[in-house]
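Quick caveat, the model's predicted, so the values are computed rather than measured. Every chain is numbered from 1, with letters handed out A, B, ... down the list of sequences.
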Amino acid sequence: MRAAGVVLISVALTCAVVGNAYYHKKQFYPSVVYITKSNPSMAIIYVQGLILVLMANTFLRKIFFGNLRAAEFEHLMEKLWYAVTETCLAFTVFRDDFSPKFVVLFTLLLFLKSFHWLAEDRVDFMERSPVITWLFHIRVASLLALLFSINLAMFNYAYNSTIAKGPSVQLVFGFEYALLITVVLNINIKYILHTIDLQRDSPWDNKPVYMLYTELIIGLMKVTLYIAFVAIMVRIYTLPLFAFRPMYFTMRNFKKAFHDIVMSRRAIRNMNTLYPNATPEELAAADNVCIICREEMVSASKKLPCNHIFHTSCLRSWFQRQQTCPTCRLNILRPTTTSQPSRQQQNQQPPPAPAAANPPPQSTPTPGAATQQAAPPPQFQIPTYWAHLTTPPTSQGLGNQQGQNSSTSQLPSGIVTGVPVFTHSFQPIIPLPPVPTPPPNLSNLTEEELRSMEGNLRAAVEARIETLQRVQLLLDAATAMMSQYQTAARSASINLPKSDTLLSQDDNKSTTSSMDNNRDSSSCISDFSMPSSTNGIADLRTSEVNEQLTPDSSSLLYSDRILRNNSLSSTPTPTPSTSSTGGIAPGELENLRQRRLVRDQSVD
Amino acid sequence: MAGSALRRLIAEYKQLMSNPPEGILAGPSTEENFFEWEALIVGPEGTCFEGGVFPAKLSFPADYPLSPPKMQFTCEMFHPNIYTDGRVCISILHAPGDDPMGYESSSERWSPVQSVEKILLSVVSMLAEPNDESGANVDAAKMWREDRKQFEKIADKLVRKSLGIPA
């Protein structure tokens, strides 16, 4: 009503002014001159012009947008207020260029901007509205095309006039239209993405990622434009104060987009590496609804360490905000972000039962330490078939002991740690597998640390599995060593006994173990017994071999040692047992039990 | 396919329609916009707000449910946890990180697991048991602590007002 009243009054005033001029001058041109000469008349004409422009604007808005929603109107008013203030600031810089044409251009720019804001709001609304009509698509598409071409034309005009006449207020216009072009591009991409999404029958998981990258690229373009503009303005005119507020917001948005991308990438990486896909059984066991989107989980679901299952895409967008489980708020990044030592401790944690083993060898022992490690004999039982090949004659033993000590201390320390070197007289034939670092000393840990390492959490289970894999690697290394010894022994023309009987015997004894590396270790031990029947020149060497056998086998069975809750005595004399029930089986049994335990826990 | 926020809101609306919790009524204000809801909350029994029917509006962000909605009573309210303009101040409506009163633990903050229903139920229990330590309305908090009689008198007036009964 009030607007109509204002329009009516304005039209009446304009009619009065024109009528008055015509009444006085009776002719067209004198009347025009009369009006332009009279300031009050011109003021009324200007107001009339402004009202006409506003009406045209309202008309176009009705065509392209229909009725504005309350939120859209609010945004429009808020932005318009800032835009008008900044335009007034820009006027101060270009007060010399001030002219009606200048005002017209600024008004046009203002209206174009308002259309951009409205278009952006409308396209954002696409995501929220359940029904998108054809009218909507036609309106938005034609509006975007129109805006783009107007921007391009105006930018072109500004560029040409700046090139032709040198820097003027057209610089500002050119820059503003360049910015508007990026805005239109952004809206366009969003519109296309939303349209594609709307046409699909299933949710489009990658859409947020595309949106993020679009935002980043557009943000980068805008920031570059602003910096270039400010640089040019400072060189030619003065500091463009009016550009600072939008520039600040653009930079903030760019920073946010960048941050979002980083968070998103981290989330995706975590999703892909840390968490397993939920199996169909797990999905069936749960109530099968993703608590984030409240929709059924059919595929592409992830299970967090706390056993909560969500859609991969839902989790991804949530992890951009926070790295916690939505349900129980478990910090899912904690296992990777805590300090490295504790992480390693977790990794190296052996199965829970064999908590307090004797200090296992450190990863970088000195030669002296190596000798010490080799020296303590295993307290566990030695297979019966070893009985006859251990304990050499004492007279020889002393000298051999010395020889062994010297030989061991000459050995490279790295090899000694994991796999014992038999004797220095044989050169390695094949390269050794990498020697893993032995598990850490658990007796140094406090009760609390141990407790924190136990449990069913994924990290703990992973640590156990890793330890077991290390043990397996140790065993593999031992096997490789043994085959080398065998080759060496062959080359030294030692008669090799058939070890098949031993092997079968061993197999019978060592329970029903089916684990590969258990088989490995038992077979390698049976290989090991090959120099037992010796003769002639090899005699001395064999006794040397035998002397070393027990310490070496203790290292060989190192894995068993750490798995068993055994404290090793430091008496240097080998104490082989002849009990027929023993053998390697107890250690293996323990090993097997641990593995089962771990497997059961990881299944849990 | 519509946006995920819209689909979730529609799902929640359906859930609320098929299985409405007692004392709560909520739904989108218009068919076109599912991001603005209106809700009616009945004052819980046995409290000074008993019997009152309080209208409120919920506005959801575009990235719902990753961000919490905002809730504002559209009637006059006098309560320690409701600002004088009607905005509700409870921890479930705050994203972890922003803590206007500086006392909330993150465990009671917004997460996608929460829902409109849970928010409204929290508001009902907030009406029943104000938390006078977070003073969204300091006057109300003070009165609740020191002059319960007067507080109940005001609450009774609001209940009558919400029902259109002259006091």
Side-chain angles (χ1 to χ4, degrees), chain A residues 66-67 69-72 74 121 123-133 136 190 193-205 207-208 211 260 263 267 289-296 308 310-311 313-331, chain B residues 1-19 27-38 57-70 72 74 91-92 94-99 104-118:
Chain A
N67 283 325
R69 288 177 298 116
E72 281 175 340
E74 228 167 78
D121 266 1
V123 170
D124 282 345
F125 183 67
M126 281 176 83
E127 252 199 326
R128 299 168 162 228
S129 178
V131 257
I132 301 292
T133 56
F136 181 94
K190 271 193 201 168
L193 287 176
H194 287 325
T195 312
I196 295 173
D197 192 22
L198 281 172
Q199 303 301 322
R200 291 167 65 103
D201 292 330
S202 56
W204 188 12
D205 293 343
K207 187 175 143 193
M211 301 269 284
D260 280 357
M263 293 308 279
V289 170
C290 172
I291 200 80
I292 299 181
C293 63
R294 303 285 154 107
E295 279 170 48
E296 282 218 336
H308 294 118
F310 306 94
H311 277 132
S313 53
C314 296
L315 266 185
R316 195 174 57 202
S317 43
W318 173 243
F319 284 161
Q320 284 178 34
R321 307 299 174 87
Q322 274 181 55
Q323 287 71 45
T324 57
C325 167
T327 308
C328 63
R329 295 181 195 275
L330 174 82
N331 187 343
Chain B
M1 210 65 180
S4 57
L6 178 63
R7 277 181 284 137
R8 154 119 184 197
L9 282 172
I10 292 174
E12 279 197 46
Y13 181 47
K14 273 184 194 156
Q15 164 74 19
L16 276 172
M17 294 303 283
S18 62
N19 195 3
S29 358
T30 63
E31 284 288 304
E32 293 98 62
N33 191 357
F34 265 76
F35 285 70
E36 299 288 336
W37 283 31
E38 278 169 9
K57 66 175 186 198
L58 288 147
S59 46
F60 296 88
D63 59 356
Y64 184 81
L66 302 178
S67 300
K70 290 189 177 69
Q72 183 172 18
T74 47
S91 54
I92 194 177
H94 297 144
D98 57 76
D99 190 350
E104 295 158 345
S105 76
S106 72
S107 64
E108 48 197 16
R109 303 295 196 80
W110 175 257
S111 108
V113 174
Q114 312 293 359
S115 61
V116 177
E117 185 179 337
K118 282 186 190 161

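With sequence neighbours excluded, no residue forms a side chain to side chain donor-acceptor pair (under 3.5 Å) with A:Thr195. For B:Pro28, the side chain to side chain contact (heavy atoms under 4.5 Å, CB included) test picks out B:Tyr13, B:Phe34, B:Trp37, with sequence neighbours left out.
Contact of B:Ala62 with chain A is made through backbone and side chain together, with heavy-atom distances under 4.5 Å. Using a 4.5 Å cut-off between heavy atoms, B:Tyr64 does not touch chain A at all. If you measure heavy-atom distances from A:Phe310 to chain B, you find no contacts under 4.5 Å at all.
When side chains are defined from C-beta on, A:Cys293 does not count as touching B:Ser4, because their heavy atoms never get closer than 4.5 Å.
Counting heavy-atom neighbours within 6.0 Å of B:Lys70 NZ, excluding the residue itself, gives a total of 12 or less.
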